[in-house]
2 protein chains.
Amino acid sequence: MTNGPLQLPGPPSATWRTDLEPDALPPTPELTGGQRRVLAAAMGLFATKGFVASTTRDIAAELGMQAPSLYNHFASKDAILERLVLFGWAHAHSELLSALVHAGSSPTAQLEALVRTHVLMSCEFPRLTLVIGTETAHLAPEPLAIVRNHRQATRDLLAQVLRRGHDEGSFHIAHLRTTMWTLAAMGQSAAVQYPYQPEIHAAEFAEEFVALALRVAGVAATLSSSAGSDAAVDAQAG
Amino acid sequence: MTNGPLQLPGPPSATWRTDLEPDALPPTPELTGGQRRVLAAAMGLFATKGFVASTTRDIAAELGMQAPSLYNHFASKDAILERLVLFGWAHAHSELLSALVHAGSSPTAQLEALVRTHVLMSCEFPRLTLVIGTETAHLAPEPLAIVRNHRQATRDLLAQVLRRGHDEGSFHIAHLRTTMWTLAAMGQSAAVQYPYQPEIHAAEFAEEFVALALRVAGVAATLSSSAGSDAAVDAQAG
DNA sequence: GTCTATAGGCCGATAGAC
DNA sequence: GTCTATCGGCCTATAGAC
């Protein structure tokens with residue numbers, strides 16, 4: 001009843017994986033090219049230094065511009081953050097909703113789809129995920145209210161799936177609160193860690209988290225199925 | 001095979017629980033009273049507005065002082081953050097180490113002790129947990145290196161426990177990386193959420209996370225044991 | 001150990017030429 | 001749409017009285 005070997009984790013690598021564009025941004029049809037470039041540069045800075053510590057001169061320098069030129073594209077530094085966060089949330093919300101719609105009616109398939117999509121988004125746009133997760137507090141009251149609605153709506157998606165799976169008997173959830181927080185935290189972890197894990201594909205990553213999510217939700221088949229895959233058990237961590 | 005009812009989550013409450021001191025700080029024998037008060041005030045501001053957005057005037061105002069008076073207690077604003085973060089990490093590291101030592105030799109008991117202690121710390125000192133988790137990037141290179149050592153040492157504690165439990169056969173871990181991140185993220189979630197959950201005790205909270213941690217680690221008995229407690233299944237979430 | 005006064009610098013944003 | 005020049009304001013930190 002013993003398992004295979006399990007390597008010890010080391011610290012995360014210090015550099016970005018070579019196949020990942022740091023300033024990648026989802027498609028933004030309604031923006032001008034200049035606005036897009038400003039948003040991408042701001043996203044990178046906001047994610048690494050934070051909104052307050054990133055100056056307009058920093059953002060402009062990233063684009064080979066002078067700071068006042070930014071004001072041809074956005075009315076203020078606050079407006080840049082606002083556009084970025086609102087766009088990011090709208091994108092995330094619509095992706096999750098779409099994943100849910102295409103997942104069929106089984107709560108297990110729906111939970112898998114939500115977690116998989118969340119992790120894949122976090123891997124593809126890690127800096128956007130970080131910004132919308134950590135810089136929201138610096139928004140003005142009006143955009144903040146919109147973000148709160150998105151957040152609540154996203155929570156409701158997950159809660160409905162968990163509730164249905166629990167009522168149906170395919171999930172075994174003792175406490176909805178902690179279960180939801182744990183599932184949500186997985187996506188944030190992916191955004192923080194994925195860029196510094198050079199040797200893994202986003203899709204593999206997503207499946208690892210999906211498997212853990214099923215355990216968290218108390219899906220009965222979970223334990224035996226992953227205990228059987230002891231050959232793939234070696235892993236590095238950071 | 002269906003389960004009991006599960007309430008839908010609402011948004012978190014906007015105010016702090018009445019039994020929790022927002023500026024609580026673990027015992028600090030080596031600090032003067034003035035330094036302690038400055039650190040407590042700074043901790044609250046750093047946790048809510050962030051280090052960069054918190055001015056020396058803000059900190060002083062919290063204590064009924066003028067900003068220059070702070071410099072009688074600390075050499076600079078940076079020094080305040082440094083002391084706070086280094087102290088917080090030293091405390092967390094020693095608490096986790098102590099919990100591990102007192103947990104006996106069973107990997108399951110050790111994992112339970114680590115998660116329980118982590119969550120309890122996050123509930124008792126949520127703002128300190130937040131600051132050491134989110135403001136570390138603003139440290140100077142020298143203290144940053146110390147924090148990285150603490151972080152690595154703490155990761156190693158968890159990794160050793162998971163590795164032993166896996167080798168022994170009591171855990172079933174497919175991928176160490178994602179397993180560790182998920183476990184670590186639970187403590188952060190507790191720090192963010194606990195202050196706004198007025199109707200639950202930290203100890204209950206900790207046991208909920210401990211149960212989820214056992215599922216994440218693939219402890220065999222987990223599923224059936226929590227599936228049996230369907231009477232306590234209703235929960236609100238935020 | 002707290003205050004007032006202030007230095008010196010960087011910030012967001014505007015004006016206006018090209 | 002980008003630039004240079006610049007304003008007014010707030011920031012960290014120091015000087016020095018009490």
Side-chain angles (χ1 to χ4, degrees), chain A residues 23 25 28 30-86 131 135-144, chain B residues 23 28 30-85 131 135-144:
Chain A
D23 290 342
L25 207 61
T28 51
E30 73 281 11
L31 295 180
T32 68
Q35 285 175 326
R36 238 190 100 84
R37 278 182 290 123
V38 170
L39 284 190
M43 178 182 65
L45 287 167
F46 294 171
T48 51
K49 305 173 44 170
F51 171 71
V52 185
S54 306
T55 70
T56 53
R57 286 166 176 83
D58 291 334
I59 302 170
E62 203 88 354
L63 300 165
M65 281 180 175
Q66 297 301 317
S69 299
L70 294 175
Y71 292 83
N72 288 311
H73 305 286
F74 290 97
S76 68
K77 188 190 166 192
D78 285 321
I80 296 176
L81 178 67
E82 178 177 329
R83 192 66 74 89
L84 194 55
V85 173
L86 290 185
V131 170
E135 304 301 312
T136 300
H138 299 110
L139 287 174
E142 195 176 328
L144 182 59
Chain B
D23 290 342
T28 52
E30 74 279 14
L31 296 179
T32 68
Q35 287 176 324
R36 237 190 102 83
R37 279 182 291 122
V38 171
L39 283 190
M43 178 183 65
L45 288 165
F46 294 172
T48 51
K49 304 173 46 169
F51 171 72
V52 185
S54 305
T55 71
T56 54
R57 286 170 175 81
D58 291 335
I59 302 171
E62 204 88 352
L63 300 166
M65 282 180 174
Q66 298 299 318
S69 299
L70 295 175
Y71 292 82
N72 290 311
H73 305 286
F74 291 97
S76 67
K77 189 190 165 191
D78 285 320
I80 297 176
L81 178 66
E82 178 176 329
R83 192 67 74 87
L84 194 55
V85 173
V131 169
E135 304 301 312
T136 300
H138 300 111
L139 288 176
E142 196 175 327
L144 181 58

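Labels below follow one simple rule: chain letters A, B, ... track the order of the sequence lines, proteins then strands, and each chain is numbered from 1. Scope of the values below: all heavy atoms of this structure, side chains included, with no hydrogens, waters or symmetry mates. If you're wondering where the values come from, they're calculated on a predicted model, not measured in any experiment.
Taking for each of B/A67 and A/A67 the nucleotide of DNA chain D with the nearest heavy atom, the 5'-most of the two is the partner of A/A67.
Of the possible donor and acceptor atoms, one in the side chain of A/Q35 sits under 3.5 Å from a partner among the backbone N and O of A/T32. In this structure, A/E135 contributes its side chain and A/F51 its backbone to a donor-acceptor pair below 3.5 Å. Here the side chain of A/S69 pairs no donor or acceptor atom with the backbone of A/M65 at under 3.5 angstrom.
For the pair A/E82 and A/L139, the tightest heavy-atom approach, listed with the atom from each and the gap, is CA-CD2, 3.7 Å.
C/dC11 atom C1' lies 12 Å from atom CZ of A/F51, rounded to whole Å. Here the C1' atom of nucleotide D/dC11 and the NZ atom of B/K77 are 8 Å apart, to the nearest Å. Taking atom CD of B/E82 as the reference point, atom P of D/dT12 lies 17 Å away to the nearest angstrom. We find that NE2 of A/H73 is positioned 7 Å from C1' of D/dG1, with the value rounded to whole Å. A straight line from CG of A/D78 to C1' of C/dA13 spans 12 Å, rounded to a whole angstrom. The distance between atom CE of A/M65 and atom C1' of D/dC3, rounded to the nearest whole Å, is 11 Å. Distance B/F74 CZ to D/dT14 P: 15 Å, rounded to the nearest Å. Summarising the geometry, the separation between CG on A/L63 and C1' on D/dC3 is reported as 15 Å, rounded to the nearest angstrom.
The side chain of A/R57 has C/dG12 as its nearest neighbour among D/dG1, C/dG12, D/dA13. When distances are taken from the side chain of B/Q66 to each of C/dT4, C/dA13, D/dC3, the shortest belongs to C/dT4. Considering only the side chain of A/P68, C/dT14 comes nearest among C/dG12, C/dT14, D/dA13.
Nucleic acid contact class of B/S54 (heavy atoms, under 4.0 Å, all strands): sugar-phosphate only. Looking at heavy-atom distances under 4.0 Å, B/G33 makes no contact with the nucleic acid at all. Using a 4.0 Å heavy-atom cutoff across all strands shown, B/S69 reaches at least one base atom of the nucleic acid.
A cation-pi geometry, defined here as NZ or CZ lying under 6.0 Å from the six-membered ring centre and within 45° of its normal, does not hold between A/K77 and A/Y71.
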